Protein chains: 2
Amino acid sequence: METELKRGFLVRQRAFLKLYLLKMIEANKRYGTQFLDDLRTEFKPYGYHPTHSEIYKTLHELTREGWVRREKKLLGEPGVDFQEIIIYHFTEKGKQEYELYRKQMKVELDRCLGLLNQAMSDHYGPIKRK
Amino acid sequence: METELKRGFLVRQRAFLKLYLLKMIEANKRYGTQFLDDLRTEFKPYGYHPTHSEIYKTLHELTREGWVRREKKLLGEPGVDFQEIIIYHFTEKGKQEYELYRKQMKVELDRCLGLLNQAMSDHYGPIKRK
DNA sequence: AAATGAACAGAGTGTTCATGG
DNA sequence: CCATGAACACTCTGTTCATTT
C-alpha cells in the first residue's frame with residue numbers, strides 16, 4: 001500500500017487515521033460518519049478534530065488497495081434510518097495487511113514518541129515518571 | 001508571530017524546529033549550517049533528517065518577526081575559515097517572545113504526547129512503565 | 001567546497017461544493 | 001437534513017537552482 005509510514009518528522013495524519021479505521025472496521029460494522037463521530041469524540045481531549053474528507057479519503061484508499069470491500073445498506077434495512085450507508089468489511093488480503101500494518105505503526109509511533117520525549121527532555125528537563 | 005502552534009493533529013515541523021533554533025541561538029553563537037548539523041546528529045536515532053531550507057526559512061522568519069538580529073562575520077574573523085557566516089542574536093523582544101513560546105510549546109508537546117500515547121494504548125494495550 | 005538564499009514543485013490536508021436519498 | 005463524494009485551494013515542506021567566498 002502506498003501510504004507512507006515514515007516521513008522523517010512525525011507520522012502523517014492519514015497513516016494515523018488508517019490505523020484507527022482498520023480497527024473500527026474489524027470491530028463493529030459501522031459506517032463513515034459514525035467513524036468520524038467516534039474519532040472526534042475520542043480525540044476531543046487532545047484538541048484534534050478530524051475532517052470528514054480525511055476519513056472518506058482514507059476509506060477510499062483502503063478500498064482501492066483491496067484491503068476492504070464495500071457493502072451498501074439501503075434505506076429500510078435494519079439500522080438504516082434515513083438513506084443508504086456504506087459498510088466496510090475486510091478482504092482476506094486486508095486482514096493480513098492490517099496485521100502487518102499494525103506492527104509497522106507500532107514502530108512508527110514509538111519513533112514519534114521518542115522524538116517528542118527527546119524534545120521534552122531537551123527543553124523542559126528530564127521526563128517525569130510517577 | 002504567525003507560526004501556528006496548534007494545527008489540530010500533531011505539531012508542525014516548523015514550530016518544532018523553531019523551539020530548537022531559539023535554544024541554540026540563546027546558548028552558543030553558531031550559524032545556520034552548524035545548527036543543521038547539530039540537529040541532524042541529535043535526531044538521527046529517530047530517523048529524522050531536517051533539510052537546510054527548513055532551517056533557513058525558520059531563521060528568516062525569526063528575523064522578519066524581529067525576534068533575532070543578524071550579524072555577518074567575514075572571512076578572516078576569528079572562527080571564520082572559508083567565507084562569511086551569519087550569527088544570530090536575540091533582540092529584547094525576542095528574549096521575551098522566546099520565554100512565552102517555550103511555555104506554549106510545552107503545552108503543545110504535551111498534547112501531542114497525549115495523542116500518541118492514546119493511540120498506543122488503543123492499539124497496543126496500556127502504556128508500559130518501568 | 002562551504003554557507004546562504006530563493007524558486008519551484010509536490011504532498012498533505014481542510015473548505016467548499018455537489019449529489020442522492 | 002444525512003451520508004457520501006469530489007473539486008478546489010491553501011499550507012507545508014523538500015528538491016533544485018543560484019550566488020558568494
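All figures in this text were calculated on a predicted structure; none of them were measured in a lab. Reminder, nothing fancy here: chain letters follow the sequence lines and each chain counts from 1.
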Open item on the list: Using 30° and 60° as the class boundaries, would you call the ring planes of A:Phe9 and B:Tyr48 parallel, tilted or perpendicular?
Closed with: tilted

- [ ] Fit a plane to each ring of B:His52 and B:Tyr56, take the angle between them on a 0 to 90° scale, and name the class: parallel (under 30°), tilted (30 to 60°) or perpendicular (over 60°).
- [x] perpendicular

- [ ] Starting from P on D:dT4, measure out to CD on A:Glu54 and report it in whole angstrom.
- [x] 16 Å

- [ ] Heavy atoms under 4.0 Å is the rule here; annotate nucleotides 4-10 of chain C 5' to 3' with B where the base is hit, S where only the sugar-phosphate is, and - elsewhere.
- [x] BBB----

Task: Spacing of A:Lys73 atom NZ relative to D:dT4 atom C1', expressed in whole Å - done: 17 Å

TODO: Provide, to the nearest angstrom, the distance between the NE2 atom belonging to A:His49 and the P atom belonging to C:dT13.
DONE: 16 Å

Task: Selection from D:dT13, D:dG14, C:dG14 that lies nearest to any side-chain heavy atom of B:Thr51 - done: D:dG14

Open item on the list: Counting only heavy atoms from other residues, nucleotides and ligands, does the tally under 6.0 Å from NZ of B:Lys103 exceed 12?
Closed with: no

Task: Interatomic distance where CZ belongs to A:Arg12 and C1' belongs to C:dG14 [whole Å] - done: 14 Å

Open item on the list: Taking the side chain as everything from C-beta on, heavy atoms only, tell me whether B:Lys72 gets closer than 4.5 Å to B:Ile85.
Closed with: no

TODO: Nearest whole angstrom, please: distance from the P of D:dT11 to the CD of A:Gln13.
DONE: 17 Å

TODO: Could you tell me whether the side chain of A:Tyr88 and the main chain of A:Thr63 form a donor-acceptor pair under 3.5 Å?
DONE: no

- [ ] Check the distance between D:dA3's P and A:Phe35's CZ and give it to me in whole angstrom.
- [x] 13 Å

- [ ] Starting from P on D:dA3, measure out to CG on A:Leu74 and report it in whole angstrom.
- [x] 15 Å

Task: Interatomic distance, A:Ile55 CD1 vs C:dT15 C1' [rounded to whole Å] - done: 16 Å

Task: A:Asp122 and A:Gln118: side chain donor to acceptor below 3.5 Å - done: yes

